[in-house]
Amino acid sequence: MVQEPDVQSGYFEALFVHSPIAIITLDPEHRVVSVNPAFEELFGYSLDELQGNVIDDFIADSALYSQARAYTDAVQRGETIREQVQRR
């Protein structure tokens, strides 16, 4: 059964907002578009602080920045990253 677009977007929004997993959406330049409450709680940044900024500048320290940037690039190419890494 195919759902109406409004129903589908409602389901997506509910999953995004209520997920216990930290979720972030980015634009093609790695700038933050949105984060869910679990992301805000885990990293301690609000959407207002992050929106429009490059995410790696906030969550990766200088020692891990190049790795974080490579992961962000890979995900935006459609790749899946299955790693546990340390962030700020």
Side-chain angles (χ1 to χ4, degrees):
M1 178 166 106
V2 176
Q3 297 287 328
E4 297 286 326
D6 289 342
V7 172
Q8 287 178 341
S9 62
Y11 287 153
F12 172 78
E13 183 177 346
L15 285 170
F16 183 82
V17 170
H18 299 291
S19 175
I21 306 295
I23 302 172
I24 183 171
T25 59
L26 305 173
D27 71 11
E29 285 77 42
H30 305 188
R31 292 182 304 239
V32 175
V33 174
S34 62
V35 299
N36 71 344
F39 187 97
E40 291 179 324
E41 184 177 335
L42 179 66
F43 289 101
Y45 294 109
S46 69
L47 177 58
D48 288 340
E49 293 173 278
L50 295 172
Q51 197 166 37
N53 292 295
V54 175
I55 188 56
D56 296 322
D57 293 344
F58 284 83
I59 65 170
D61 64 20
S62 59
L64 299 171
Y65 189 84
S66 60
Q67 177 197 56
R69 190 66 177 210
Y71 284 174
T72 302
D73 288 337
V75 168
Q76 287 201 312
R77 287 191 306 271
E79 298 175 32
T80 299
I81 305 294
R82 290 189 172 94
E83 298 286 333
Q84 288 187 359
V85 296
Q86 183 175 344
R87 295 293 180 250
R88 282 188 213 188

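When all heavy atoms are compared, the tightest approach of Ala38 to Pro20 is CB-O, 3.6 Å. Of all heavy-atom pairs between Ile81 and Val75, the closest is CG1-CG2, 3.7 Å. In terms of heavy-atom proximity, Phe58 sits nearest to Tyr45 at O-OH, 3.3 Å.
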Evaluate the side-chain contact (heavy atoms from CB on, under 4.5 Å) criterion for residues Asn53 and Arg31: first the C-alpha distance (whole Å), next the side-chain angles of each, then the deciding distance (0.1 Å), finally the verdict. CA-CA 5 Å; Asn53 292 295; Arg31 292 182 304 239; over 6 Å; no
I'd like to know whether Glu83 forms a side-chain contact (heavy atoms from CB on, under 4.5 Å) with Tyr71, so could you lay out the CA-CA distance, the side-chain angles of the two residues, the decisive distance to 0.1 Å, and finally the verdict. CA-CA 10 Å; Glu83 298 286 333; Tyr71 284 174; 3.4 Å; yes
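To the nearest 0.5 Å, the span separating CD1 on Ile55 from CD1 on Ile24 amounts to 3.5 Å.
Side-chain atoms of Glu29 do not come within 3.5 Å of backbone N or O of Gly52 as any donor-acceptor pair. Side-chain atoms of Thr25 never come within 3.5 Å of backbone atoms of Val33 as a donor-acceptor pair (strictly under, hydrogens ignored). Under the 3.5 Å distance criterion, the side-chain polar atoms of Asn36 are matched with a main-chain donor or acceptor of Phe16. Within the 3.5 Å criterion, the main-chain N or O of Asp6 finds a donor-acceptor partner in the side chain of Ser9. Side chain of Asp56 to main chain of Ala60: no donor-acceptor pair is present (N/O by atom type, distance under 3.5 Å, no hydrogens or angles).
Under a 4.5 Å side-chain heavy-atom cut-off, the cluster of Ile, Leu, Val, Met, Phe, Trp and Tyr residues that includes Tyr65 is completed by Val54. The hydrophobic cluster analysis finds Ile21 isolated: no Ile, Leu, Val, Met, Phe, Trp or Tyr side chain comes under 4.5 Å of it, directly or through other members.
With sequence neighbours excluded, no residue forms a side-chain hydrogen bond (donor to acceptor under 3.5 Å, both in side chains) with Gln51. Remark: Glu79 pairs with Arg77 by the side-chain hydrogen bond (donor to acceptor under 3.5 Å, both in side chains) rule, at least two apart or across chains. Partners of Ser46 under the side-chain hydrogen bond (donor to acceptor under 3.5 Å, both in side chains) rule, at least two apart in sequence or in another chain, are Glu49.
Counted within 6.0 Å of CD on Gln76, heavy atoms from surrounding residues, nucleotides or ligands total more than 12; the atom is thus considered enclosed. The neighbour count for Gln67 CD, taken as heavy atoms of other residues, nucleotides or ligands under 6.0 Å away, is above 12.
No path of Ile, Leu, Val, Met, Phe, Trp and Tyr side chains, each step under 4.5 Å between heavy atoms, connects Val7 with Phe12, placing them in separate hydrophobic clusters.
Screening residues 20-40 for ring-ring contact (aromatic ring centres under 6.0 Å, His included) gives Phe39-Phe43 as the qualifying pairs, with residues at least two apart or on separate chains.
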